[in-house]
Amino acid sequence: MVAIVGKYKLETSENFEEFMKALGVGMVMRKMGNAASPVVEITESEGTYTMKTTTTFKTTEIKFKIGEEFEETTADGRVVKSTFTKDGDKFTHSQLGDKEKKEKDSVMIRTFTDEGFNMECKVEEIVCNRFYKRMEA
């Protein structure tokens with residue numbers, strides 16, 4: 001079993017701007033998001049995971065338990081209902097947008113390896129892939 005807890009830095013990103021655009025993220029925020037090189041730190045204590053994402057623009061932090069829905073404020077300010085599920089070395093992060101605001105649902109699948117994790121982001125037919133390299137175990 002691969003370690004999920006650790007610190008990771010974005011190394012490659014494909015189609016992220018299109019993913020953000022499909023979610024309705026404004027142009028300025030998309031440009032900032034695309035230029036950022038986030039560092040993600042994942043910790044776990046007594047079944048509660050913390051995922052802290054740090055960029056030069058913003059730091060976000062979420063706490064969650066596998067299989068339990070929680071309210072998440074995304075980096076672009078949307079408030080979504082999120083759930084994480086775990087299957088082996090794979091975390092699936094489902095975000096349900098506010099239907100009254102016509103927000104879209106999205107899914108991020110993080111597959112962990114010894115080298116880091118690949119994050120596949122999906123909204124409607126748009127798919128984005130981002131690879132985060134492990135900095136420390």
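These numbers come from the heavy atoms of this one structure, side chains and all, not from hydrogens, waters or symmetry mates.
- Among all heavy-atom pairs drawn from T73 and V79, the shortest one is OG1-CG2, 3.9 Å.
- In this structure, the side chain of T113 engages the main chain of G116 through a donor-acceptor pair within 3.5 Å.
- In terms of heavy atoms, F19 sits closest to C128 at CB-CB, 3.8 Å.
- Here the CZ atom belonging to F131 is positioned 6.5 Å from the CD atom belonging to E115, to the nearest 0.5 angstrom.
- Follow the hydrophobic side-chain contacts under 4.5 Å out from M51 and you reach I4 in the same cluster.
- Note that CG of N118 and NZ of K90 are 10.0 Å apart. Values are rounded to the nearest 0.5 Å.
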| query | Given the rule in the side chain to side chain contact (heavy atoms under 4.5 Å, CB included) test, do D105 and V123 qualify, once you have shown the distances and angles that lead to the verdict? | reply | CA-CA 6 Å; D105 299 344; V123 59; over 6 Å; no

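- With values rounded to the nearest 0.5 angstrom, F64 atom CZ is found 6.5 Å from F70 atom CZ.
- The residues K104 and E124 are annotated as salt-bridged, a charged nitrogen and a carboxylate oxygen being separated by less than 4.0 angstrom.
- A continuous path of Ile, Leu, Val, Met, Phe, Trp and Tyr side chains, each step under 4.5 Å between heavy atoms, connects I66 with F112, placing both in one hydrophobic cluster.
- With a 4.5 Å cut-off on side-chain heavy atoms, K52 and K7 do not count as touching.
- Side-chain atoms of E44 and I42, non-hydrogen and from C-beta on, never get closer than 4.5 Å to each other.
- A salt bridge does not link K9 to E11: none of the charged side-chain nitrogens sits closer than 4.0 Å to a carboxylate oxygen.
- By the criterion of side-chain heavy atoms lying less than 4.5 angstrom apart, applied directly or through intervening Ile, Leu, Val, Met, Phe, Trp or Tyr residues, L96 is not grouped with L23; the two fall into different hydrophobic clusters.
- The cluster map of Ile, Leu, Val, Met, Phe, Trp and Tyr, joined by side-chain heavy atoms under 4.5 Å apart, puts M20 and V80 in different clusters.
- For K99, the NZ atom is densely surrounded, since the number of other residues' heavy atoms within 6.0 Å is greater than 12.
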| field | Derivation and outcome, side chain to side chain contact (heavy atoms under 4.5 Å, CB included), residues E72 and H93 | value | CA-CA 11 Å; E72 175 184 359; H93 180 185; 2.9 Å; yes

| said: Walk me through whether E61 and T50 qualify under side chain to side chain contact (heavy atoms under 4.5 Å, CB included). | reply: CA-CA 7 Å; E61 184 175 289; T50 300; 3.6 Å; yes

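- Between I109 and V107, the shortest heavy-atom contact is CG1-CG1, 3.9 Å.
- Closest approach of N15 to I126, counting heavy atoms only: ND2-CG2, 4.0 Å.
- A side-chain donor-acceptor contact under 3.5 Å links E17 and N34.
- Distance OG1/T111 to CZ/F91: 11.0 Å, rounded to 0.5 Å.
- Residue M32 is not grouped with residue F16 when hydrophobic side chains (ILVMFWY) are merged at heavy-atom distances under 4.5 angstrom, including chains of intermediate members.
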| task | Please report the C-alpha distance between K81 and T83 in whole Å, then the side-chain angles of each, then the deciding distance to 0.1 Å, and finally whether the side chain to side chain contact (heavy atoms under 4.5 Å, CB included) criterion is met. | result | CA-CA 7 Å; K81 297 287 186 200; T83 307; over 6 Å; no

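- R110 is not listed as a side-chain neighbour of Y8, based on a closest heavy-atom distance of 4.5 Å or more.
- Annotation: K86, atom NZ; neighbour count of heavy atoms from other residues, nucleotides and ligands within 6.0 Å is above 12.
- Checked by atom type and distance alone, the side chain of E18 never pairs as donor or acceptor with a backbone atom of K21 at under 3.5 Å.
- For the pair R134 and F117, the NZ or CZ position fails the cation-pi test of under 6.0 Å to the six-membered ring centre and within 45 degrees of the ring normal.
- The CG atom of L10 sits 11.0 Å away from the OG1 atom of T55 when rounded to the nearest 0.5 Å.
- Side-chain contact check for Y132 versus M119: some heavy-atom pair is nearer than 4.5 Å.
- Side-chain contact between R78 and Q95 is present, with at least one heavy-atom pair separated by less than 4.5 Å.
- Of the possible donor and acceptor atoms, one in the side chain of E103 sits under 3.5 Å from a partner among the backbone N and O of D98.
- Between A75 and M29 the shortest heavy-atom distance is O-CE, 4.2 Å.
- C121 approaches M108 most closely through the heavy-atom pair SG-CG, 3.6 Å.
- Side-chain contact between R130 and P38 is present, with at least one heavy-atom pair separated by less than 4.5 Å.
- Considering only heavy atoms from C-beta on, V127 comes within 4.5 Å of E120 through its side chain.
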